[in-house]
Amino acid sequence: MNQTTRLLASTLLASGLASAAMAQDVPASANDDVLKIGLVYTLSGPPAALGTQARDGFLLAAEKIGDIGGMKTEIIVIDDEGKPELAAEKARELVVRDNVDFVVGPIFSNILMAIVQPVTSTGTVLISTNAGTSTLAGEACNPNFFTTSYQNDQNHEVMGAYAEKMGYQNVFLMTPNYQAGKDSQAGFKHSYTGGTAGEIYTELGQLDFSSELAQIAAFQPDAVFTFMPGGMGVNLVKQYAQAGLSGIPFLSAFTVDETTLPATQDAAVGMLGGANWAPDMDNAANKEFVDGYIAKYGAVPGTYAMQAYDAAQLIDSAVRKLGGDLTDRDALRAAIHEADFDSPRGDFSFGSNNFPIQDFYLVEAVKREDGMYGTSIKEKIFDDYVDNYAAQCKM
């Protein structure tokens, strides 16, 4: 693979240097003969499994492609450590010191909101492979910002639609207290008209849910809806079973998936989630991706890996269309917007706000024939779904 992967130290930039970069309409990197891509992911602490999957998914695609966009490629991987201020400084390093052409990532919405301005104000393109806040999908949409994932609400809307279909009238809602957690509850309520037994925002990173589970046991709701990614989800699922609550349907997104199932295993089997993809989707691009990921990393890929894999393919398709000439920024944005690649999820295109138009599914946690755990598609809920904020975007 003709690329170098290196880990950057968290050196703070001089403010004058950063200010000079903000004035650039065309990044200096656009004139280089090396394509430089910075990956910003949470690679330490309890959420590291999410960032690791995303990083590995991107690098898997890069290895398959070789020279991304037909250019000699350098990929710089940094760890945002889950800290917004640190992420903002490292993002500035990428665009000012390292002159990257693209920044890819992050996992969490609070990190995205910290890095979007330092990156995009320089003319550099930021491609989110996970976080997709309602603000950036709507009034704060940005011509230099694209996402290969979803708008945060959408996977949760799947679960709201399912709860509505099942006739639930009393659902307990529990999500972390940050933008994605707020978006998730808003998404669930967008497609669910029944009542709620409780609506709780927990601390981001919380690992002990004994108090919340006691409330659920007391309320005996028709179902529980939650969004708890990474280590939060692992602990919640295990504690849910230990608390004897398995008889209450557990509905979620990003709580029971390929990043948490290796730890929760049988405790999560049968739990339902909302997703834009699952490893058992039946198409050639997905088979190549899933088989390649398992062969290289010995694990079942999740959406974090798939969406980052697509980001590499997206960059490759756009840069090739331009013959490696990135100086015309309007042409670059147009080439990205064409999304001329085969996604493992199947249908994929960009809407007017640079967020995907795609299908969404109800998925179930299963133990696979190979003995590993993953999610499996049960039914399609939304077809070619445009997010609810696109009409507010005035690009």
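As a basis for the values below, the full set of heavy atoms in this structure was taken, side chains included, without hydrogen atoms, waters or symmetry mates.
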**Report entry** Worked verdict on Lys321 versus Asp340 for salt bridge (Lys or Arg N to Asp or Glu O under 4.0 Å)
**Finding:** CA-CA 9 Å; Lys321 282 183 181 294; Asp340 188 13; 3.2 Å; yes
Query - Salt-bridge present (Glu63, Lys296; N to O < 4.0 Å) - result: yes
Query raised in the report: Is there a chain of hydrophobic side chains (I, L, V, M, F, W, Y, each step under 4.5 Å between heavy atoms) that links Phe227 to Ile200?
Result: yes
**Report entry** Test item: Gln265 side-chain N/O and Pro262 main-chain N/O as donor-acceptor pair under 3.5 Å
**Finding:** yes
Query raised in the report: Hey, is the main chain of Asp208 close enough, under 3.5 Å, to the side chain of Ser210 for a donor-acceptor pair?
Result: no
**Report entry** Minimum-distance pair of heavy atoms, taken over all atoms of Val363 and Ala278
**Finding:** CG1-CB, 4.2 Å
Query raised in the report: Does Thr148 reach the main-chain N or O of Gln307 with its side chain, forming a donor-acceptor pair under 3.5 Å?
Result: yes
Query raised in the report: Between Tyr41 and Tyr304, is the gap from one ring center to the other below 6.0 Å?
Result: no
Requested in this report: Drop me the distance from Asp79's CG to Arg55's CZ, to the nearest 0.5 angstrom.
Outcome: 9.5 Å
Query raised in the report: Can you tell me how far the CG atom of Asn99 sits from the CD atom of Glu74, to the nearest 0.5 Å?
Result: 10.5 Å
Requested in this report: Without swapping roles, check the side chain of Ser149 against the backbone of Asn130 for a donor-acceptor pair under 3.5 Å.
Outcome: yes
Report task. Scan Phe355, Phe254, Tyr389 and name whichever one has a ring-ring contact (aromatic ring centres under 6.0 Å, His included) with Tyr150. Result -> Phe254
Query raised in the report: Between the side chain of Thr259 and the main-chain N/O of Asp257, is any donor-acceptor distance below 3.5 Å?
Result: no
Query raised in the report: Salt bridge check: are Asp282 and Lys287 linked by an N-O gap of less than 4.0 Å?
Result: no
Query raised in the report: Can we say Glu85 and Lys83 salt-bridge, meaning some charged N sits less than 4.0 Å from an Asp/Glu carboxylate O?
Result: no
Requested in this report: With the side chain counted from C-beta on, respond yes when Gln53 and Tyr293 share a heavy-atom pair under 4.5 Å apart, and no when they do not.
Outcome: yes
Query - Test applied, ring-ring contact (aromatic ring centres under 6.0 Å, His included); reference residue, Tyr240; option that passes from Phe172, Phe250, Phe209 - result: Phe250
Requested in this report: Could you tell me whether a side-chain N or O of Tyr201 sits under 3.5 Å from a main-chain N or O of Leu204, the two making a donor and an acceptor?
Outcome: no
Requested in this report: Group every Ile, Leu, Val, Met, Phe, Trp and Tyr by side-chain heavy-atom contacts under 4.5 Å, then state whether Ile381 and Phe225 land in the same group.
Outcome: yes
Query raised in the report: Rounded to the nearest 0.5 Å, how far apart are CZ of Arg92 and OG of Ser121?
Result: 8.5 Å
**Report entry** Check ion pair Glu199-Lys189 (N to O, under 4.0 angstrom)
**Finding:** yes
Report task. Scan side-chain atoms only and decide if His190 and Asn388 contain a donor-acceptor pair under the 3.5 Å cut-off. Result -> yes
Query raised in the report: Does Lys165 come within less than 4.0 Å of Glu379, counting only side-chain N to carboxylate O?
Result: yes
Query raised in the report: Of Phe145, Phe341, Phe146, which meets ring-ring contact (aromatic ring centres under 6.0 Å, His included) against Phe350?
Result: Phe146
Report task. Count the heavy atoms of every other residue, nucleotide or ligand shown that sit under 6.0 Å from CG of Asn142, and state whether that count exceeds 12. Result -> yes
Query raised in the report: Of the options Ile107, Leu86, Val40, Leu43, which is the one that meets Asp80 in a side chain to side chain contact (heavy atoms under 4.5 Å, CB included)?
Result: Val40
Query raised in the report: Do any N or O atoms from the side chain of Asp101 and from the backbone of Lys36 form a donor-acceptor pair under 3.5 angstrom?
Result: yes
Query raised in the report: Hey, any chance Val171 and Met271 share a hydrophobic cluster, counting ILVMFWY side chains that come within less than 4.5 Å of each other, even indirectly?
Result: yes
Query raised in the report: Do you reckon Phe289 sits in the same ILVMFWY cluster as Met372, going by side-chain contacts under 4.5 Å, direct or chained?
Result: yes
**Report entry** Asn152-Ser109 side chain donor-acceptor pair, cut-off 3.5 Å
**Finding:** yes
Report task. Give the cluster check for Tyr178 versus Phe188: same hydrophobic cluster or not, with ILVMFWY residues linked at side-chain heavy-atom distances below 4.5 Å. Result -> yes
**Report entry** Residue pair Gln313 / Asp316, side-chain heavy-atom distance below 4.5 Å
**Finding:** no
Requested in this report: Take Leu314 and Ile127 through the test side chain to side chain contact (heavy atoms under 4.5 Å, CB included) and record every step on the way to the result.
Outcome: CA-CA 9 Å; Leu314 175 65; Ile127 300 175; 4.1 Å; yes
Query raised in the report: OG1 of Thr135 to CE of Met113: how many Å apart, nearest 0.5 Å?
Result: 3.5 Å
Requested in this report: Have a look at Asp347 and tell me which of Asn276, Ile357, Asp359 forms a side chain to side chain contact (heavy atoms under 4.5 Å, CB included) with it.
Outcome: Asp359
